[in-house]
Amino acid sequence: MSEFAQTEFVQTPSQTVGPFYGFALPYEGGPELVNTAHPAAIRLHGRVIDGAGVGLQDALVEIWQPDENGQISRELGAHEPDGYTFTGFGRAATTRAGDFTFTTVKPGSVGGGAPYVLITVFARGLLHHLFTRAYFVDVSALEALAETDAVVKSVPADRRSTLVAVADGPTSYRFDVRLQGEGETVFLDFDA
């Protein structure tokens, strides 16, 4: 019997996305798409929650969005924000409790569609990052949008509320991302 055959091998972990460490992908100013002094500044915050209802630390949340007028930014510099140029992109790491916060603007409508922020979530245990949308309308308005918005229309009516950013203050919106279980956030499949 060869020496190689007698060696005991240890199972390697499967490949997953993350965990993310503070010295890697997060960067200074990543969660601030605009300065807090911007006249249209809002807070978009929430929690990334696992199937057991526990906030997920070391996840990474990215947002992509138009400005408050529905203009899609073509500006460079999202990774080196200067405090006043809106690039439409932000990245935040979650806290130990799974919380994330962005300072941004409420998105405007692009081409007459419902205003939304595209949210991407990276986290350990995920083989692929996840995409979802946070709409800035109440649930009843989202139902009305189902007639004209192909994405909303494709989502079962009883799950559409998971796509709504809920106002919890004059300039603050909460959007929790539940990865699985009851109330699981609707995730989008761009390969379909």
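As the structure is a prediction and not an experimental result, all values here were calculated from the model.
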Can you list, pair by pair, the side-chain donor-acceptor contacts under 3.5 Å of residues 68-76, counting residues two or more places apart and other chains?
{"unit_1": "Ser73", "atom_1": "OG", "unit_2": "Glu75", "atom_2": "N", "d": "3.0"}
{"unit_1": "Ser73", "atom_1": "OG", "unit_2": "Phe86", "atom_2": "O", "d": "2.9"}

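Sorted by first and then second residue, the side-chain hydrogen bond (donor to acceptor under 3.5 Å, both in side chains) pairs involving residues 30-43 (not counting sequence neighbours) form an empty list. Legend: side-chain hydrogen bond (donor to acceptor under 3.5 Å, both in side chains) pairs involving residues 99-109, not counting sequence neighbours, sorted by first then second residue: Arg47-Asp99, Gln65-Thr104, Lys106-Tyr173. Pairs of residues two or more places apart, or lying in two chains, that qualify as side-chain hydrogen bond (donor to acceptor under 3.5 Å, both in side chains) and include a residue from residues 150-168 are His45-Asp168, Glu143-Arg160, Asp168-Ser172.
Nearest heavy atoms, Pro107 versus Val117: CG-CG2, 3.8 Å.
Counting heavy atoms from C-beta on, the side chains of Val61 and Arg91 never come closer than 4.5 Å. Annotation: side chain of Leu163 is in contact with side chain of Thr132 (closest heavy-atom distance under 4.5 Å). Looking at heavy atoms from C-beta onward, Val151 lies in side-chain contact with Tyr135 at the 4.5 angstrom threshold. Leu142 is listed as a side-chain neighbour of Val152, based on a closest heavy-atom distance under 4.5 Å. Contact annotation: the side chain of Leu60 never approaches that of Val121 to less than 4.5 Å [non-hydrogen atoms, C-beta and beyond]. Here the side chains of Phe187 and Ile119 are not in contact, with every heavy-atom distance at 4.5 Å or above. Between Val186 and Arg133 the shortest side-chain heavy-atom distance does not fall below 4.5 Å.
Residues passing the salt bridge (Lys or Arg N to Asp or Glu O under 4.0 Å) test with Arg174 are Asp176, sequence neighbours excluded. When the ring pair (Phe, Tyr, Trp, His ring centres under 6.0 Å) test is applied to Phe89, the partners found at least two apart in sequence or on another chain are Trp64, His79.
Of the possible donor and acceptor atoms, none in the side chain of Thr120 sits under 3.5 Å from a partner among the backbone N and O of Phe131.
Defined by atom type and a distance below 3.5 Å, a donor-acceptor pair is missing between the side-chain atoms of Asp149 and Tyr116.
Within 6.0 Å of CZ in Phe175 there are more than 12 heavy atoms belonging to other residues, nucleotides or ligands.
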